[in-house]
Structures are given as structure tokens and as C-alpha cells.
Amino acid sequence: MARPFDVSAVEKKWQARWLDEGTYEVDNDDERERFFALCMYPYPSGTAHQGHIRNYTFGDLVVRYQTMRGKAVLTPFGFDSFGLPAENAAIKAGSHPRLFTDARMGELKSSVRRLGAVYDWRREVFSHDPNYMKWAQAIFLEFFKAGLAYRAEAPVNWCPGCATVLANEQVNADGTCDRSGDLVQRRNLEQWFFKITDYAEELLNDIDTLEWPERVKTMQRNWIGRSEGVEFDLPLAFDPSRALRVFTTRPDTGFGVTYAVVAPEHPMLAELVTEDEREGVERLIERASQASELERTASSDAGAGLDKRGAFTGSFVINPFSGESVPVYVADYVLGTYGTGAIMAVPAEDERDFAFAQVHGLSVVRTIEPPAGHGEGPYSGEGTHINSGFMDGMDVAHAKEAAAAFLEEHAKGVRKVNYRLRDWLVSRQRFWGCPIPIVYCDVDGIVPVPVEQLPVLAPDDVVMDKSGQSPLATHEGFRNTTCPTCGRPARREADTMDTFTDSSWYFLRYADPFTADRAFDPAQVAKWMPVDQYIGGIEHAILHLLYARFYLKALVDIGLAPGLAREPFKRLFTQGMIRLDGSKMSKSKGNLIAPEKYYDTVGADGLRLFHLFVGPPADDVDWTAQTEDIIEGCARFLDRIYRLSHYDECFFHEDETPDDLEVRREVHRAIAKVSADLEAWSYNTAVAALMELLNTISKWARRAEGAHRSTLDESLDVLLRLLAPMAPHLSAELWEQRHPGEAGVHAQSWPVADPALVARSSVVMVVQVNGKVRARLDVSPEVSEDDATSAALASAEVQKFLAGATPQRVVARPPRLVNIIL
RNA sequence: GCCCGGGUGGCGGAAUGGCAGACGCGGAGGACUCAAAAUCCUUUGCUCGAGAGGGCGUGCGGGUUCGAGUCCCGCCCCGGGCACCA
């Protein structure tokens, strides 16, 4: 398509100027109101794909808009530059991940510059910068000192494809790896964990204070998974001085407990098992230990498979409610890692317990009257308690309260809140990550590397493979060291940290990248934090967004970030994904539509406008056959602006006519509309409003009657200012042509609508008869109910329908509508 | 199973309980042109009608209301999250 100007030349000119002049560099002591605009730190995967373009188009709009609103906008950029793809690529190519990563960073950097997105490049931060690693490791050690980082042996998720352990958050619901898609295995390993569970309650409660998409908040609440209940003792029948401790959210159903179940990992299991039952129990344990988490917890097996997956231990415990002795089973549907690893089983009111009881011939005692016609199955709903001693006749809520009080008195019970959230496993058996700064000494045990020796850097001559052995463990020169405490020979930790640790505090370093003697100066960071607007993909709803929240809370608590708000991201916006043929567009799927091809045709401005216009920013974008046409349409809109700005056949007249005034009014309405839409993330309708404004101005200027000079000038200048955050190159170019030698459009202030011009002198009022539109009347916006009614009744159209009759009722909603009911 | 979103023309999508379909794409017709492209103008939910005009229309079924895409109840379908979590 032939464009009326050289798109490429214009865009390159402005990109060079923004970069050379450091237009968007901002200092910490800037006196304007501060605004921290942040796009999620990208993994450097090479040139930008459409997902990046969408992200940085939105981010750049926020930066330029807030700047025009008079704020000092912090707009940093950097890279989440550790990670598996670089390591795997290096193994394949026989090179070093750093070479690969540096090249990809360079590509992504030029991509965002070619998009016209502007940053304060002095503040660039990237994970594998030794300067950043030093403080990432220092934070780890502070966590260790505070007891927030600990080493423990635990069953962990092992991904064979990635040859490393994973955090729970990186395992999909179906038991596959979030990255490779491989089925994750269970392994018992000694690993490093961060105590995120200490913050479960605060992480949950503070969600309420965030201006985040409801969807993301819900996902985090689900992930944290709070449940309120009671933990109490079931005394052992063979030794009532000791007891099996269980957790339940339904203490009210206590009289219905007909058996108890322990997890295969339960510490008391060995002593509960009798000689007669030993064989069956051992078989069960063996099977459970081999099963993957997926097989073990697959709900599709509920019922049918349960017989094979439980065994009687031979022991009994006392139900403290009824005083009866009930059998203890071991079953893999009870998890060792949740609650106490043991449950009371109430088959009448719990589906799993019911299915298990059916298979094992255990008795079922109802404690809640199910509604009529419920049948034989378990009932877990509301109802009146029966067979429940002191709880008979109570509803569920009252009975829960009564039961909890009873247990606290008689069964060493205590009200307890349990969370689904587990501690964050941060060890990774890979090379391309930040080494964990720990030394193991036979005498002194786990010893932190002294801060002055940080950063611990991996040597370059490490043999990387995917054996599952940490590559650093095979490098004797790295591994062997001396104990910082006693000086005897010792060994370095060979694992690296999860890359999500890097992305958990990078925004703090952005706010103060210059401090040399610590991770950041809290006083400097406090000038910018919390982030005013965070923008990123929905895929980080749990992972990154939960970890970063934990980090900041922990950093404040251990004294590294005094005075900072405990939540990092005040407002979050999650953009939709780009889909091609229904699946996510991504490099790994090989279905990318590269942005570069558009730069010579529609330009970065055209592509940006497309991403703004195609639909609500939060929605997914389907890239279809029609997409190319829509992109063309956006470029056409820019062309029309260019042409209007150069329109020289316009006939001008001296005095402002009513038509000219109406155009001015439309201009001010557009200012109001676009401003409101930008605040509300309704970018698609903001673009539509600009299109309408252009249509209005264009038609008016081309009329035979001509236009008023100063009205046209004002209209064009406003249009360019409104367009400046969306299509920065063209608006800068046209502004410069119209105002040579003056400050650029992005240095102009955001236009303010004049309320007197926005208000309408007359509006169209709809007159309905029996709900059908029969007439439209021009009325004043302030028309009274009576005047509106009489005007409606007087209109010829209505008279025709009335035919002399008196209406039964008249509903007047001036100035919008009058409805006459006959 | 539970919890969030969502379902509107041929398509992407607009619509504080008040004219459904803004804006754009696509289509149709026209102007300009030797012709085409580009540009500009007109038109475009479906349907009956020559026309004036009428009827039907926001996943389905009910309800509230003078009035429902919007609110309420019950379903269906699509996307996402959680899930043997006691």
C-alpha cells in the first residue's frame, strides 16, 4: 500500500532522537508527582513477538500519557536473563549460555526501540549481571539468617525434560511441567526452600487491597487455599495416653466418624500396623511411593480405584464424640503434606469417605438429615443434625461451633487454619542461574558465603548436560573451597536459584540501580514504590506475582526495605494472549507472526494502533485472515490524519459559524472521552473516538462553505496530542511540521476538556408509545419532566397514536426519553 | 465437582436499565481515471413490502420493570483457575 509519507524514515528519525536526547530519563529527585510504570521484565528470547509488542504498546502508552499529564514517569527496562532455554541452546550449540543470552538481549532491545517504546536505559538491570547477582545472593543469605531460607529433605517435583526440580507453582494441574510438558516425577531430595507459608495469611488478606483483575485475585486465593477447621486427637485404643491427630473442617459431623485414615507417609504408621496387616499395608505404601502425584491424586479414580489404594492397619482409635472404637486405615488419598496427614472419616457426609467405606464395608452413620428424595449417597449440604448427641437439631454453622468448643474441652482440640500453599522450592540443578551462596563444612555445617566474597560466580568451563546432576557439582575447581568459618576444606553448594527469585525484586533495583554497597537504598526506592501500573501476561497470575509479593513482605520484615509498602504492585493490568488457530502464539509452538514485516508497510505506529484498536486490551486476540486488513485499516487512519494535516484546499472564513463551534464542541468531547477511556484501559474505544473525531473534522474542513482557521488549528493540535501516546512517531512528526522550533508533542501537556464546550445545548429525546419509538424531539439537556411530557404529548406523531384518547401512564426520564403507555 | 470470565451483524467489537450494532474490517453502488490502484462519496443486522411502512432480532427458558444485551431465577455452550486439600 502506498503511504503518503516515508513511514520508515519518520520512525527512525524519532527513535534516534528519543534515544539520543534521553527524553525519558528521570532522576530520583525529580520534583514532579511520581509515577512508576512497569512492564514485566522479559525473558530475552530474541526479537520481539506480537505478545511483546502488545505489552510494550500498552506500557509505552501509559508512560507517554502520564508524562503528558505532568508526572515524572519511571520507565525502566531489563531482562530476566537466566533460564533454561539459553542453557539448552548452549548445550546444543556447544557454546556458553552467556553468549546466547547477550545476543538475544541485543535483539529484543532493538525490537522495543524499533517499536518506539521509550525507557530510561541508564537503569537497565539483567539477572546475570554480576552486580545484580551479588545482591540476589545477599538477599538469599539474609533470608537464611532470618530463617526464611532453609534446607530440608522432602518429596519434590522432578521434571525429566528440564532435568531439575520444580516449585509446586511450576507444575500444572494435570501433573505436567509448565515449561516442558513432561510428566513430573516424585523424588525425595534435600533442597533449599523459602518459607512463603509464613506469609500465607498476609498474602491472602492483602489481596483485598489490590487493584488487580478479579480473575488474578481469585487465582491467588485458590492457590493459597485457606480452610478453617479444628485439629484434635483420636486416642489410640491400645494406648489411650497417646493419640492420632487429625484435621477437619467439619467437626460438626464428628458423631458420624466410623473410621480414620492416615497417609502412607504418616510417622505413626509403623506402630499402628499389626502383624496380621503388615503385608497389605506394605504393598499399599510401595504402590503409593511409586505413583506419581498425578496418579495418586487423580480424581477420575475416585470410587472405583479406592479399594486397591487403602488398607486396614489393624489398629483402632476412639471417636471422642461417641466414645466408640473405630478402625484406622492407610490410604493414599490422604496426603502427608496437608493438615496432620491423618483424617477422621465421615462416609455419610463426604464423597471420598463414602466411596472408600462402600468398598471396604465400613459403616455409614448420618449426622445431617438430607433433603427428601436425596437417596443413599453422601450428603454434604446444609441441614439439621441428627444422631449427634448435644448437636441434635442444630444447623451446620451452630453445630460446627458447638463441636469445636467440645473438642477444645475434651480432645485436646484447637481451632486451626490450614493453607494449601507449600513452601517455595528454590533449588535448581541447572547451570544458567544464580548460584546459591552456601558452603558445606564437615565441622560447621551449612555456612553462608561472607558478603564481601559475593557474588559467587560460576566458572565458564563447566560441562553442561541434562543428566540431572548439577553441572557445577562436576567442576572440582568450583566445588572445592574452604570453610569461611574454620578454614578447613569444604564444598560449595552446586545448585542455582529458581529464576523466579531474580524477578521477585528487580523492580526495586530499577528504582535505585546506582547504589553500590547494597541491593538498593530503601529511601530512594520509597520514592517510586509501589509500582503505580504493572503490565504483563496473565500467565504470571500465580507464579511471579505471588513470589514478588512474598519477597517484598519478607524484605521489609528482615530490615532490608524499611518504610516500603508491603505490596509491590498497586495496580495490575494483565493483557490477553495472542492466539493463532486457537492456540497460544509462541516461539516454542513455531507459530509466530513476526512484527518486523509490518515496519516497512504500516510502521510501528500502525502496528501499535492495531493492538490498541483490535479489542479490549484484557481480551485474547485471535490472529486471523482478517487481521491483516484491520492492520491496514489502522494505517489508513494514520494516512488520513497525515493528509488532513497537509490539506491545503481548505477555504477559510473569518468569523466562527455555528458549524465551526459544533466542531470545537466535538473536539472537547473527544478530549473527555479519550481521557476517560485511557484511564479505564478502554484503548479500543479511545482509538474509535479519535477516528470519529477525524471523520468529523475532515468532513467539516472539506465542505464547500469552508472552515474557520483557528478552529481547524485547534482541532488538529488536539488530535495530535491525543494521538501522541498511541502513535508517537507520526504525531511527533506532524506536530513538528506544524510547530517548527517549538517543544515536541510529547512535551506538551495533555489537553483538558472545557466543560462548557462538552455540554450540549440540545439533545435528542426519544418519545415512545407503548415502548416503541415514535418520535424524536430536540430538547434542552435541562428540560423538566413536565416540559418533556407536554412536548412529547404535543408531537404530531404521538397525537396520531393517541387519537384523542388519554394515556394511562406517562413515564418521563428527561432528557433521554418519554414513554407513553396507552 | 467448586470458583472466576465470556456468549451481540458476514467478521473484530460498541452500548451509566432508555433509539441495539459506535468505530473498524469486509460487501454493494457511485465519483475521479483510457484503465486500474490509491483517494473521496453513498449504502450495508435479518426479513416482508414496489414504496410508505411493518415484523423479528444480543446462547436457551422463565421472571422483575412503562422499558432488559444490561437486573433476578433455572439451564446450555466456550475459555481459564482449583480439585481425593479432609
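Quick caveat: nothing in here was measured; it's all calculated off a predicted structure. A note on names: the letters A, B, ... follow the listed sequences, proteins ahead of strands, and every chain is numbered from 1.
Of the C1' atoms belonging to B:U16 and B:A86, the separation is 46 Å, rounded to the nearest Å. When the P atom is used for both B:U70 and B:G57, the distance is 14 Å, rounded to whole Å. Nucleotides B:G26 and B:C19 have their C1' atoms positioned 26 Å apart, rounded to a whole Å. B:G12 and B:G17 are spaced 27 Å apart, taking the C1' atom of each and rounding to whole Å. Taking atom P in both B:G45 and B:A52, one finds a spacing of 15 Å when rounded to whole Å. With both ends at atom C1', the span from B:U8 to B:G21 equals 8 Å, rounded to whole Å.
Considering only side-chain atoms of A:Arg643, the nucleotide from B:C40, B:C66, B:C85 that sits closest is B:C40. Among the nucleotides B:G18, B:G24, B:G26, the one closest to any side-chain atom of A:Gln626 is B:G24. With B:G12, B:C4, B:G18 as the choices, the nucleotide that has an atom nearest any side-chain atom of A:Arg215 turns out to be B:C4.
Atoms CZ (A:Arg221) and P (B:G5) sit 11 Å apart, rounded to a whole Å. Between A:Asp677 atom CG and B:A14 atom C1' the separation is 11 Å, expressed in whole Å. Rounded to an integer number of Å, the gap from A:Ile538 CD1 to B:G80 C1' is 8 Å. The OH atom of A:Tyr338 sits 16 Å away from the P atom of B:C82 (whole-angstrom rounding). Protein atom CD of A:Glu214 is 17 Å distant from nucleotide atom P of B:G81, rounded to whole Å. Here B:C3 presents its P atom at 18 Å from CD1 of A:Ile207, a figure rounded to the nearest Å. In this structure, the CD atom of A:Glu228 is 12 Å from the P atom of B:A86, given to the nearest Å. Computed from coordinates, the A:Asp622 CG to B:G7 P distance equals 14 Å when rounded to whole Å.
Phosphate contact (OP1/OP2 of B:G26, side-chain N/O of A:Arg636, threshold under 4.0 Å): present.
A:Arg774 comes within 4.0 angstrom of the backbone, heavy atoms only, and of no base. Residue A:Gly633 is classed as a sugar-phosphate contact, given heavy-atom separations below 4.0 Å to backbone atoms only. Within the nucleic acid shown, A:Asn418 has no heavy atom closer than 4.0 Å to any nucleic acid atom. Among the protein residues, A:Arg640 comes within range of the sugar-phosphate backbone only, with heavy atoms under 4.0 Å from sugar or phosphate atoms but none that close to a base. Using a 4.0 Å heavy-atom distance criterion, A:Val766 is classed as a base contact.
Taking the six-membered ring where the residue is Trp, A:Phe58 and A:Tyr683 present tilted rings, their angle falling between 30° and 60°.
Taking only distance into account, the side chain of A:Asn222 never meets the base of B:C82 through a donor-acceptor pair shorter than 3.5 Å. Side-chain to base pairing of A:Arg352 with B:C85: no donor and acceptor N or O lie closer than 3.5 Å to each other. Taking only distance into account, the side chain of A:Arg809 never meets the base of B:C66 through a donor-acceptor pair shorter than 3.5 Å.
Remark: side-chain polar atoms of A:Glu692 are not paired, donor with acceptor, to backbone N or O of A:Ala670 under 3.5 angstrom.
Mapping A:Thr218 and A:Thr249 onto RNA chain B by nearest heavy atom places A:Thr218 at the nucleotide closer to the 5' end.
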